[in-house]
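Working notes, beginning with the structure itself.
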Amino acid sequence: MPALTRLAISATPSLAFTRSQKCTAKLQILPSNLIKFPLNFNPPQTLKLSIKAKSSSSFNPSIVNDASASSAPDSLKSRLKNGETLYGIFLLSFSPTIAEIAGLAGYDFAVVDMEHGPGGITDALHCLRALSATRTPAILRLPESSPTWAKKALDLGPQGIMFPMIESPKMARKAVSYCRFPPEGIRGSAHTVVRASDYGIDEGYLSNYAEELLIMCQVESEEGAKKAEEISAVDGVDCVQMGPLDLSASMGYLWDPGHKKVREMMRVSEKGVLKGGAYLGGFAMPHDGPIDLKTRGYHIVSGTVDVGLFRSAAVDDVRKFKMSLIQGSDDEAEDGKDGDEKYWSE
C-alpha cells in the first residue's frame, strides 16, 4: 500500500487496523481520536506564540482610539482657536494621487470640491483616504445646500463641510441643522456604522462630533454679501467663506472680479464677517494674493486649485519646449550663415 494511502487510512481510527493487518506504523490511537507520536519521532521545531485572548466584554476600542488620537495633529478648529492662519488647496480632479501629493506637500487642509469637480461621494471618499494617509484634514464642499448631500458627506468623516451660496441667516441656520443630530438638528443617524465614527469603533463620536466639525457657509452673491454679518452671527457657523468669482458675476462683472465695485463689496462683507464672530475664509486671486487676505483678517486661505496648478505647469512646459525649438532654429540659421559666409569668402 502506498505511503500516502496508509497515512490517510491511519488518520481514521475505525479503519486504521481493520483494512490491513500489515500496517506497521508505531502509532497509538487514543479514544479522543488524537494521534500520539512514538518516542523516537522528532517533530520539527516550531515557533511558539503565547496569545492571551480577552473576552469581548473586556475589550475597549476606545483605548486604541485614545492612543491614536494622542499622536494625531490638532484639528482645524483647534488651530483656528489658537490664532493660526491656515493655507490650503482645492481639489477638483478627484485624483487620490494628487490628493496624496497635496497632503505630502504640506498644505494645512484640502477642499474636495463636489460643487465644481466631476466627482461624487464615492470619488470623494478615495480622496479622503489619501489625505488621511498624510494626516491632512479634508473639507468637503457640497454641490448644493441640502440635508441629503450634507448627510452623505458628513458620514465620510471630513473635518469640515462647506455649504455653497448661503444668502441669508435662515439658510445658514438650515445648514447648521443639517450637521446636527436631533433634537439640535435633522441629520440622519447611522453613526454606529459609518466612517465618521470609525465605523462605530469611536465610542466618543456622539460626544465630540459637533465640537470638532468645522461648518463653513459660502457668501458668494451680492445679496449674501450684504447679510454677511448676520450669517456670521448664526450659532454653529464657524467660518464664512467669501466667493469673489460668483460675487463679481452677481454684480455684473463676471469678466472683472477685480473691479472696484466688487472689491468694495468684498471689504464690506469681510468686516461684517469679522464683526459677526465667525472666522473669515477665502480664495487668493491674481489681484488679491494670500498675504493680502491674511492682512485683512482671513484665517483660512485657499491659495490654488489642483487642476489650475497642473494646467499652468503643462502650458509652461510646452511653451518652454517650443521656445527652445525657435531658439534652436535661430542658432542653426546663424551657424549656417556663418558657415556660408566663410565658405564664399574663401
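FYI, the numbering just counts along the sequence from 1. Not measured: the values here are computed from a predicted model.
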Closer than 3.5 angstrom, by distance alone: can the side chain of [X] be matched with the main-chain N or O of [Y] as a donor-acceptor pair?
{"X": "His287", "Y": "Met285", "value": "no"}
{"X": "Asp113", "Y": "Leu91", "value": "no"}
{"X": "Ser250", "Y": "Glu222", "value": "yes"}
{"X": "Ser232", "Y": "Glu229", "value": "no"}
{"X": "Ser95", "Y": "Ile98", "value": "yes"}
{"X": "Asp316", "Y": "Ser312", "value": "no"}

### Message
Counting only heavy atoms not in Asp235 (residues, nucleotides, ligands), do more than 12 fall under 6.0 Å from its CG?
### Response
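No.
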#### Entry: More than 12 heavy atoms of other groups within 6.0 Å of Lys77 NZ
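For Lys77, atom NZ is crowded (more than 12 foreign heavy atoms under 6.0 Å).
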### Message
Measuring centre to centre across the rings, with the benzene-like ring taken for any Trp, is Tyr298 within less than 6.0 Å of Tyr279?
### Response
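So the answer is no for these two rings.
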### Query
Does the gap between the ring centers of Phe90 and Phe283 come in under 6.0 Å?
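Ring centres of Phe283 and Phe90 closer than 6.0 Å.
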If every non-hydrogen atom of [X] is compared with every non-hydrogen atom of [Y], which pair is closest and at what distance?
{"X": "Gly157", "Y": "Arg195", "answer": "O-NH1, 4.4 Å"}
{"X": "Ile121", "Y": "Ala153", "answer": "CD1-N, 3.9 Å"}
{"X": "Ser145", "Y": "Ala175", "answer": "OG-CB, 4.3 Å"}
{"X": "Lys261", "Y": "Met251", "answer": "O-CE, 3.5 Å"}
{"X": "Ala130", "Y": "Pro96", "answer": "CB-O, 3.3 Å"}
{"X": "Gly224", "Y": "Ile231", "answer": "O-CD1, 4.0 Å"}

Check the side chains of [Y] and [X] for a donor-acceptor pair under 3.5 angstrom, ignoring hydrogens and angles.
{"X": "Gln241", "Y": "Arg141", "result": "no"}
{"X": "Ser93", "Y": "Asp306", "result": "yes"}
{"X": "Ser75", "Y": "Gln159", "result": "no"}
{"X": "Thr148", "Y": "Ser146", "result": "no"}

#### Entry: Point-to-point distance, once rounded to the nearest 0.5 Å, from CE of Met171 to NZ of Lys227
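These two atoms lie 10.0 Å from each other.
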Are [X] and [Y] close enough that some pair of their side-chain heavy atoms sits under 4.5 Å apart?
{"X": "Leu131", "Y": "Glu100", "result": "no"}
{"X": "Phe109", "Y": "Ile300", "result": "yes"}
{"X": "Ile139", "Y": "Ile161", "result": "no"}

Using 4.0 Å as the upper bound for N to carboxylate O, is an ion pair formed by [Y] and [X]?
{"X": "Asp155", "Y": "Arg187", "value": "yes"}
{"X": "Lys81", "Y": "Glu211", "value": "yes"}
{"X": "Arg296", "Y": "Asp288", "value": "yes"}
{"X": "Arg79", "Y": "Asp74", "value": "no"}

### Message
In terms of relative ring orientation, are His259 and Tyr253 parallel, tilted or perpendicular, with 30° and 60° separating the classes?
### Response
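Geometry flag for Tyr253 against His259: parallel rings.
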### Message
ring pair (Phe, Tyr, Trp, His ring centres under 6.0 Å), that's the test. Do Tyr209 and Phe181 meet it? Break it down for me.
### Response
CA-CA 10 Å; Tyr209 82 96; Phe181 292 117; 4.9 Å; yes
